[in-house]
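Here's the structure we're looking at; comments come further down.
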Amino acid sequence: MLKINNINKFLKRGIVMERIEEKLKDIEKEYLELQEGITEYSNNNLKSADLKKRGSKFGIYEQKGKKMMLRLKAVGGELSIEKFKSLASIMEKEEIPYLHLSTRQNYQLHEVEFERVKDTIEQCNSKEMYFRGGGGNTFRSILVSTYTGVDKRNIFDVMPYARMVENEVFFMDKAFDFGRKLKIGFSNSLDDEFVMAVQDMGFVAKEINGEKGFKVYCGGGMGRGSKIGHVLIEFLPEADLLRAVKALIDLFYDRGDRVNRMQARLRFLVEKMGFEGFKKLYLDYFGKETIVNGKIPKIDYEKKVRELKQFDEIENSETFNLWKDICTKETKFKDVVSLVLYVKNGDLTAKDIEKLYILMKDINTPTIRATINQNLVIPLVHKSAIPYIYKYLSEAIPEIVTETISIRGQIRACVGAKVCMIGVQDSQSIADAIGDELDQLAKEFPQYRKIIFKEAKNIRISGCPSSCAGVPVAPLGFIGLKKKINDKLTDCMQVYMGGILTDSIQSLAFEIPNLILPIDEIPILVKSLFRDYLEILQVYDITFSNYMYERRLEEF
């Protein structure tokens, strides 16, 4: 028999699900229109641009090869292991070859057959995994610091606040009908503060005299016209969180540019009005807003920690120790770590997911999170389980272990032209070639391998001018294009340098005007820059980010 508090929880959950089901009925017509559009498009009766209009608001886009991509929203990239397993089951049933981890902590189902889109949507919805706002001119997925709730430097856990906002905004129709997309994020500590500064609206946990709240950034963003945002509110009490978000939604809905798409992001409105003018307008909206927060249930991490399984296995090989050093991060709980699973190109098959589910069941951990680096993190793992996990992965999914200790595994690249309809260059192949060159450099300077490995994460490659790989904040970044060289249209990349977001320096990457190179020269340039950096290290103690910031204005 259920206890009273469990019954109350069940009833409340039932009310929430009732609201969601009603809203899903409202948008069912749009799903049907999308499926009809796919049929018309496959019969050459609908243009690609018109199909995009029907699917983009759900994060459903056409891919090359007459297939579709379906982008699932997940607050902070977190899924329960049961939902994670459900994804594998849906992929197998619908014959979906792989899942891709995006740089906004989303889960993307790739190469979905046209006729299987509607069924896939319905199955995901039935498992409480939704698409509304996955793409298009909508309120997009909420970014959350990967280690919130478990990090030693945690000010307070922001995941419950992000979930509350997502749950409430789901029912706000205005939030899914902007002139352009709107992105927000939450940081649990100062470590990710400047990641929040490049969101349309970013919230950084802050506590004053025991009162929880947020430092609020606004008007940042990446892509064309990238900007670092302004501090909109120094301290927003937690009670006003949804009010602050709703005020921005209403302002952007009313005042956002719906004519010129290239000037439609929030940062252009801030620039046009001037920050002080924008702030005055925003505070006017905020002052008139009366909405109150939804329920913000605290997550019981202590209970999760107590339930973690402990092991007696021992491992002490050189490879194991290297792997452990790279992929484990201390938490605020005794004898508990977070574990990073490096996933090459962010791609996982259904079989991979099933094997990871078995592993997580074995160690009795409840959730997994996708990261902005296209990897996975298991937030809570008992230290004693690490040898068992290493052995399991080495046998079941060995590429996760090899990718962890691979320099290539640290380089961030978007899906590129082989998959993306707007892709110009194959960013992943270029990343492979850069990885090979850095591997060679590490063999020349084995004493610096750890440094090369660590700093390779600062290389970001995008197959087009979009910011999927985060090039605008990259210390060293590349954007794919084509350029005439000696009267021949050549596959090239524009080089960017100097992106850095720290306490002392905040700078977006600089486009190096005279540095557009054929793609086969890019790996050579990267190796040369790293070689120079290693030489500088013999004299100065400097990070690669600072080094590239200093070099950004040199003539090449």
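All values below come from the heavy atoms of this structure, side chains included, with hydrogens, waters and symmetry mates left out.
- Residues satisfying the side-chain hydrogen bond (donor to acceptor under 3.5 Å, both in side chains) criterion with K118, sequence neighbours excluded, are E28, E122.
- Not counting sequence neighbours, the partners of K304 by the side-chain contact (heavy atoms from CB on, under 4.5 Å) test are I299, Y301, P366, L380.
- Atom OG of S187 and atom CD1 of I155 lie 7.0 Å apart (nearest 0.5 Å).
- In this structure E78 satisfies the side-chain hydrogen bond (donor to acceptor under 3.5 Å, both in side chains) test together with R163, R369, sequence neighbours excluded.
- For the salt bridge (Lys or Arg N to Asp or Glu O under 4.0 Å) condition, the pairs that include at least one residue of residues 275-285, sequence neighbours left out, are D284-K288.
- E111 meets the salt bridge (charged side-chain N to carboxylate O under 4.0 Å, His left out) test with no other residue; sequence neighbours excluded.
- For the 3.5 Å distance criterion, the side chains of N137 and R180 fail to qualify, holding no donor opposite an acceptor.
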Using a 3.5 Å cut-off and no angle test, enumerate the donor-acceptor pairs between side-chain atoms of residues 228-237 and protein atoms at least two apart in sequence or in another chain.
from : atom 1 : to   : atom 2 : distance (Å)
E234 : OE1    : K206 : NZ     : 3.3

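- For the pair K73 and Y130, the cation does not sit on the ring face, since its NZ or CZ is not both under 6.0 Å from the ring centre and inside 45° of the axis.
- The structure places CD1 of I397 at 9.5 Å from CD1 of I353, a figure rounded to the nearest 0.5 Å.
- Aromatic pair Y161/F156: ring centres closer than 6.0 Å.
- Listed by first and then second residue, the ring-ring contact (aromatic ring centres under 6.0 Å, His included) pairs involving residues 57-103 are Y31-F58, Y98-H110, H100-H110 (not counting sequence neighbours).
- Although no hydrogens or angles enter the test, the distance criterion places no donor-acceptor pair under 3.5 Å between the side chain of R243 and the main chain of T290.
- E62 is linked by a side-chain hydrogen bond (donor to acceptor under 3.5 Å, both in side chains) to Y41, S48, counting only residues two or more places apart in sequence or in another chain.
- For residues 181-201, the pairs satisfying ring-ring contact (aromatic ring centres under 6.0 Å, His included) are F186-F203, F186-F214, with sequence neighbours left out.
- A search for side-chain contact (heavy atoms from CB on, under 4.5 Å) contacts involving K93 returns Q123, not counting sequence neighbours.
- Considering only heavy atoms from C-beta on, H382 stays 4.5 Å or farther from V305 through its side chain.
- By the 6.0 Å and 45° rule, R132 stacks over the aromatic ring of F176.
- Sorted by first and then second residue, the pairs that involve residues 188-205 and meet side chain to side chain donor-acceptor pair (under 3.5 Å), not counting sequence neighbours, are R104-Q199, S145-N188, S145-D192, R153-D191, N154-N188, E193-K215, E193-Y217, D200-R265.
- For the pair I368/M360, a side-chain contact is recorded, criterion being any heavy-atom separation below 4.5 Å from C-beta on.
- With sequence neighbours left out, E271 forms a side-chain hydrogen bond (donor to acceptor under 3.5 Å, both in side chains) with no residue at all.
- When atom types are taken as modelled, the side chain of N364 and the backbone of K309 share no donor-acceptor pair closer than 3.5 angstrom.
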